[in-house]
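Shown next, in structure tokens, is the structure this report addresses.
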Amino acid sequence: MTSNDTTAFGGRLLIGATGSAAVATLPMYIGALRTTFTGTVTVLMTHTAAAFLPPSTVALFADRVVTGEEPSTWAGQNHATLAEEHDMLAVLPASAHVLSAVATGAAPNMLAATVLTATFPVAFFPVMSGEMWAKPAVSRNVEQLRSDGYRVVDPVWGQRYDVAFGDFVKAPMPPPPPGFVDVVRELMPSR
């Protein structure tokens, strides 16, 4: 799923980051994107994502970071304004929780509300344990999202270190950064 396409492309990308330890790799994905992407990158972090990775760290790589934690920002940075200001949304990492929320039309946080408000392409890059990914409920949610017109990129299985087990486990992971860039390139509308 990786290409050697080095053609520059642009747009207004919104990246939704959810609460998964995999969010720690987000700067690496944004860095890879910046090699050919000339547009703007805004990152919308859920509360749990911000607990794993400080928004101030993400701000070193993105043009803007939105957390929704400050009520004083809600008038200018909310689900409606974020949907209006962007051309595409990539949810990386996409937790089982956000997949379920969007598949059922729920909006428990600003990210899910923004996905439900979006009229542009949305891609989900699921990251969770192998046991979670194999559950029928998760499969149903993924199929519902695809049926609703969202892109759900199947995770790549590989070895990752699990802190709780203190060992490497085989688990679903997001595609390597070039694969992420390819999906953004494919789905980003021409302006």
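Neither side chain, Thr67 nor His47, offers a donor N or O lying under 3.5 Å from an acceptor on the other.
Between Ser139 and Val142, every side-chain heavy-atom pair lies at or beyond the 4.5 Å cut-off. Annotation: side chain of Pro155 is in contact with side chain of Trp133 (closest heavy-atom distance under 4.5 Å). Using a 4.5 Å cut-off on side-chain heavy atoms (C-beta onward), Asn78 and Leu82 make no contact. Here the side chains of Val91 and Val98 are in contact, with some heavy-atom distance below 4.5 Å. Side-chain atoms of Val115 and Phe124, non-hydrogen and from C-beta on, do get closer than 4.5 Å to each other. Looking at Pro172 and Pro126, their side chains never come closer than 4.5 Å, going by heavy atoms from C-beta outward.
Taking CZ from Phe168 and CD from Gln159, the interatomic distance works out to 8.0 Å, rounded to the nearest 0.5 Å. The CD1 atom of Ile30 lies 8.0 Å from the CG atom of Leu33; values are rounded to the nearest 0.5 Å. If you take CZ on Phe120 and CG on Leu14, they are separated by 6.0 Å, rounding to the nearest 0.5 Å. Thr42 OG1 to Arg64 CZ: the interatomic distance, rounded to the nearest 0.5 Å, is 4.5 Å. Phe125 CZ to Thr18 OG1: the interatomic distance, rounded to the nearest 0.5 Å, is 12.5 Å. The line from CG of Asn141 to NE2 of His97 is 11.0 Å long, rounded to the nearest 0.5 Å.
No donor-acceptor pair closer than 3.5 Å links the side chain of Thr57 to the backbone N or O of Leu53. Asp87 places a side-chain N or O within donor-acceptor distance of the main-chain N or O of Arg12, the cut-off being under 3.5 Å. Judged purely by atom type and a 3.5 angstrom limit, Thr114 has no side-chain atom pairing as donor or acceptor with the backbone of Ala83. Side chain of Thr117 to main chain of Ala113: a donor-acceptor pair is present (N/O by atom type, distance under 3.5 Å, no hydrogens or angles). Asp148 places no side-chain N or O within 3.5 Å of a backbone atom of Tyr150 that could act as its donor or acceptor partner. A donor-acceptor pair under 3.5 Å is formed between the side chain of Arg146 and the backbone N or O of Val152.
Applying side-chain contact (heavy atoms from CB on, under 4.5 Å) to Val43 and the options Val23, Val58, Val66 leaves one that passes, Val58.
Sorted by first and then second residue, the pairs that involve residues 25-36 and meet side chain to side chain donor-acceptor pair (under 3.5 Å), not counting sequence neighbours, are Arg34-Asp63, Thr36-Arg185.
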Would you sort out whether Val153 and Phe180 count as a side chain to side chain contact (heavy atoms under 4.5 Å, CB included), showing the intermediate values? CA-CA 9 Å; Val153 178; Phe180 169 74; over 6 Å; no
As a quick check of understanding, evaluate side chain to side chain contact (heavy atoms under 4.5 Å, CB included) for Arg151 and Val122, giving each step before the final call. CA-CA 6 Å; Arg151 171 73 69 89; Val122 176; over 6 Å; no
Begin with the C-alpha distance, continue with both residues' side-chain angles, and end with the deciding distance and a verdict on side chain to side chain contact (heavy atoms under 4.5 Å, CB included) for Trp157 and Met173. CA-CA 6 Å; Trp157 284 78; Met173 303 182 306; over 6 Å; no
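Linking Ile, Leu, Val, Met, Phe, Trp and Tyr residues whenever their side-chain heavy atoms come within less than 4.5 Å places Val181 and Leu26 in a single cluster. Under the 4.5 Å side-chain heavy-atom criterion for ILVMFWY residues, no single connected hydrophobic cluster contains both Val169 and Met128.
Residues passing the side chain to side chain contact (heavy atoms under 4.5 Å, CB included) test with Val156, sequence neighbours excluded: Pro175, Pro176.
Applying the 6.0 Å contact sphere to CD of Glu84 captures no more than 12 heavy atoms from other residues, nucleotides or ligands.
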